[in-house]
Student: 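Let me give you the structure first, and then I'll get to my questions.
Throughout, protein chains are lettered first and strands after them, A, B, ... in sequence-line order, and every chain is numbered starting at 1. Values below: every heavy atom of this structure, side chains too, minus hydrogens, waters and symmetry copies.
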Number of protein chains: 2
Amino acid sequence: MDVDTRLLRYFAAIAEEGNLTRAAHRLFVSQPSLTKQLKHLESQLGVRLFTRSSTGMTLTEAGHALAARVPPVLAGWDAAVRETRSTARVLRVGFLASAANDATQGIVTAFGRLRPGWRVDLRQAPWSDPTAGLAAAEVPVALLRLPFPGHESFGVRTLFSEPRCVALPSAHPLAGRPSVDFRELRDDPVIVAPALEGTWREHWLALSERDGHEVRVGAVTEHPDEFLGAIAGGHGIALVPASTPHFHSRPDIVYVPVTGVSPSEVAVAWLPDAGEAVCDFVRCCVDVTRSRRTGCDTRWG
Amino acid sequence: MDVDTRLLRYFAAIAEEGNLTRAAHRLFVSQPSLTKQLKHLESQLGVRLFTRSSTGMTLTEAGHALAARVPPVLAGWDAAVRETRSTARVLRVGFLASAANDATQGIVTAFGRLRPGWRVDLRQAPWSDPTAGLAAAEVPVALLRLPFPGHESFGVRTLFSEPRCVALPSAHPLAGRPSVDFRELRDDPVIVAPALEGTWREHWLALSERDGHEVRVGAVTEHPDEFLGAIAGGHGIALVPASTPHFHSRPDIVYVPVTGVSPSEVAVAWLPDAGEAVCDFVRCCVDVTRSRRTGCDTRWG
DNA sequence: CGTCTCCATAACCTGGCCGCATGGACGTGG
DNA sequence: CCACGTCCATGCGGCCAGGTTATGGAGACG
């Protein structure tokens with residue numbers, strides 16, 4: 001009988017939580033989806049795995065039998081994947097569009113010197129995933145920005161801090177200023193990405209610096225082009241890392257340094273059970289970016 | 001990283017065959033599908049598993065690493081499934097729409113006596129699967145008809161033979177006859193099911209009794225209703241088991257016994273590694289149908 | 001008895017998988 | 001040397017599985 005291993009992870013999570021809703025939340029899927037998937041698994045097995053009640057889900061006898069055997073299977077599969085990848089001497093690295101940027105190249109070449117014969121496979125993550133593929137274990141290591149959802153459960157090493165600036169339409173009243181204080185911007189609508197939640201949301205909307213001022217959402221955008229378009233069109237503003245202007249400069253958008261918000265930290269993060277190649281990669285990240293941490297200031301004036 | 005276990009079986013088959021086309025045939029999928037699935041697996045792993053050439057596929061180093069680790073994972077999963085099912089004391093039994101028919105009930109009750117507390121979960125197979133779920137390992141045991149594709153690789157026990165008859169539109173010239181010889185029907189078009197191939201096709205089209213006479217296909221039907229409809233509509237005829245009239249009698253269709261074709265055998269078949277419950281079930285099948293084998297004739301006149 | 005929590009269901013939408021038909025690369029035999 | 005056969009890759013259209021939102025029903029609890 002064939003199943004997606006994802007379904008097995010679902011099952012394990014439900015068994016562990018004893019609660020569909022909580023498991024759904026932990027797995028970043030909706031509760032009805034879990035319901036359906038679980039029913040599917042049960043019907044394929046021809047066996048009821050949980051007894052449902054209004055207080056939660058408890059394993060049946062058959063469910064216990066399965067719950068005991070699924071984790072070794074998953075562990076075996078994960079090990080097979082890890083070892084296959086290390087045999088190929090390929091290190092997959094996830095990265096956010098604007099995480100390490102110019103440092104990335106240096107890191108990759110440094111890693112190439114440290115482990116000759118290895119290849120680095122850079123995978124850009126979609127905007128919707130601040131973990132850059134780490135959460136889904138698509139990559140064992142990633143370059144990303146702190147804080148991100150679930151950062152407690154991974155290895156994390158901060159590489160450098162970068163102040164933030166604000167992207168304004170060039171017609172904005174504050175567009176000509178050399179710098180602005182965040183309090184001046186608290187009432188402007190903001191442009192956001194679809195999956196802005198948790199600490200990630202809090203950070204990029206600077207919720208803690210708003211003193212309770214309501215956030216007005218000017219637009220929700222899926223891709224960088226739309227994002228910049230929405231700002232240029234005057235639908236709102238957005239906080240971005242200070243390096244953004246280097247990569248996304250447009251005549252109709254002005255980037256102004258912002259004071260009064262915490263800087264954004266660029267970090268390398270890795271899966272808990274990562275191998276030696278990952279450790280080496282982390283070491284390269286630290287080495288290559290060392291100059292940044294000492295050399296430049298991490299806050300605007 | 002998550003994959004469907006089916007994909008792992010695909011990979012194992014390709015590695016074993018060293019040839020996409022042959023593996024595709026063995027797995028009952030098209031070759032392009034395998035190509036795409038394999039590419040998908042490779043891209044998820046970020047690793048090339050085979051080197052392609054015009055002579056076939058050979059494993060890379062990484063491919064070898066994976067090929068060594070996949071079979072234990074699959075074995076572990078299959079064992080988990082087996083044990084979960086046996087814990088629940090549920091025996092799943094596949095059956096063809098018209099395989100054992102009236103004997104089925106007796107078999108199930110006999111099994112219930114032999115293993116109190118167990119439940120039998122009867123699963124009717126679609127027409128397209130003459131193995132009744134055995135080939136896909138959806139069930140560990142099935143009631144079906146011989147011969148079926150791949151019957152060498154399963155345990156098989158013939159239960160009884162049943163002569164065949166022909167389904168004719170009531171307006172057919174031979175419809176009034178008490179019986180017909182198959183040679184009289186060789187030039188009539190036939191109604192077939194979609195996935196009629198291999199020995200299964202040979203049996204139900206009676207290819208060996210045609211002496212090279214071409215088969216004309218009158219219609220291809222998906223469901224029993226269409227099937228009977230096509231015959232009633234005069235689009236062709238079809239060989240069916242002698243018990244069919246008991247379950248599908250219609251005023252516009254006449255069933256006439258046919259001589260000159262081999263009888264159809266009803267059998268119970270099981271997976272090679274099935275457990276004790278399956279053995280008991282097989283025993284019940286044999287016991288319950290014993291009278292048939294001695295009591296009635298297995299050929300018309 | 002209202003309310004809250006938790007699971008099931010319905011309706012809908014999208015992306016992936018499958019099959020068919022076809023293309024391109026390579027080896028092979030006349 | 002060319003024609004052909006074999007084998008894998010690709011493009012296209014149809015379909016199903018899985019996801020999401022919105023809503024319903026069943027218990028627990030104050």
Student: Where along residues 14-23 of chain B does a heavy atom fall under 4.0 Å from DNA chain C?
Tutor: none

Student: I need the Ser30(A) OG to Lys36(A) NZ distance, nearest 0.5 Å.
Tutor: 8.5 Å

Student: Return the polar atom pairs (N/O with N/O) between nucleotides 21-30 of chain C and the protein under 3.5 Å, or none.
Tutor:
from: dC26(C); atom 1: O3'; to: Ser54(B); atom 2: OG; distance (Å): 3.4

Student: Go through the side-chain N and O atoms of Thr51(B) and Thr60(B) and say whether any donor and acceptor fall under 3.5 Å apart.
Tutor: no

Student: Just grab all the salt bridge (charged side-chain N to carboxylate O under 4.0 Å, His left out) pairs involving residues 65-77 of chain B, residues at least two apart or on different chains.
Tutor: Glu83(A)-Arg69(B)

Student: Can you pull the salt bridge (charged side-chain N to carboxylate O under 4.0 Å, His left out) pairs that have at least one residue in residues 17-33 of chain A, sequence neighbours excluded?
Tutor: Glu16(A)-Arg26(A), Glu17(A)-Arg22(A), Glu17(A)-Arg26(A)

Student: Within this structure, what is the CZ-to-C1' distance between Arg48(B) and dC8(D), rounded to whole angstrom?
Tutor: 11 Å

Student: In chain order, what residues pass the side-chain contact (heavy atoms from CB on, under 4.5 Å) check against Thr35(A), with sequence neighbours excluded?
Tutor: Leu20(A), Gln31(A), Lys39(A)

Student: Can you name the atoms? Protein N/O to nucleotides 16-18 of chain C N/O, anything below 3.5 Å, with the distance.
Tutor:
from: dC18(C); atom 1: OP1; to: Arg6(B); atom 2: NH1; distance (Å): 3.2
from: dC18(C); atom 1: OP2; to: Ser33(B); atom 2: OG; distance (Å): 2.7
from: dC18(C); atom 1: OP2; to: Gln37(B); atom 2: NE2; distance (Å): 2.8
from: dC18(C); atom 1: O5'; to: Ser33(B); atom 2: OG; distance (Å): 3.3
from: dC18(C); atom 1: N4; to: Lys36(B); atom 2: NZ; distance (Å): 2.9

Student: Nearest 0.5 Å please: distance from the CG atom of Leu66(A) over to the CG atom of Leu45(A).
Tutor: 6.0 Å

Student: May I ask you to verify if any side-chain N or O of Arg52(B) is less than 4.0 angstrom from the OP1 or OP2 atom of dA9(D)?
Tutor: yes

Student: First locate atom CD of Gln44(B), then atom CG of Leu7(B), and finally report the distance between them rounded to the nearest 0.5 Å.
Tutor: 7.5 Å

Student: Rounded to whole angstrom units, what separation is found between the NE2 atom of His25(B) and the P atom of dC7(D)?
Tutor: 13 Å

Student: For the pair made of NZ in Lys39(B) and C1' in dG11(D), what is the distance, rounded to whole Å?
Tutor: 13 Å

Student: Checking the side chain of Ser43(B) only, and the main-chain atoms of Gly46(B) only, is there a donor and an acceptor separated by less than 3.5 Å?
Tutor: no

Student: Verify, without hydrogens or angle tests, whether Arg52(A) (side chain) and Phe50(A) (backbone) share a donor-acceptor contact under 3.5 angstrom.
Tutor: yes

Student: Write down the distance between CD (Glu42(A)) and C1' (dA8(C)), rounded to a whole number of angstrom.
Tutor: 13 Å

Student: Could you measure the distance from the NE2 atom of His25(A) to the CG atom of Leu27(A)? Nearest 0.5 Å is fine.
Tutor: 11.0 Å

Student: With heavy-atom distances below 4.5 Å as the criterion, would you say the side chains of Arg6(B) and Val29(B) are in contact?
Tutor: no

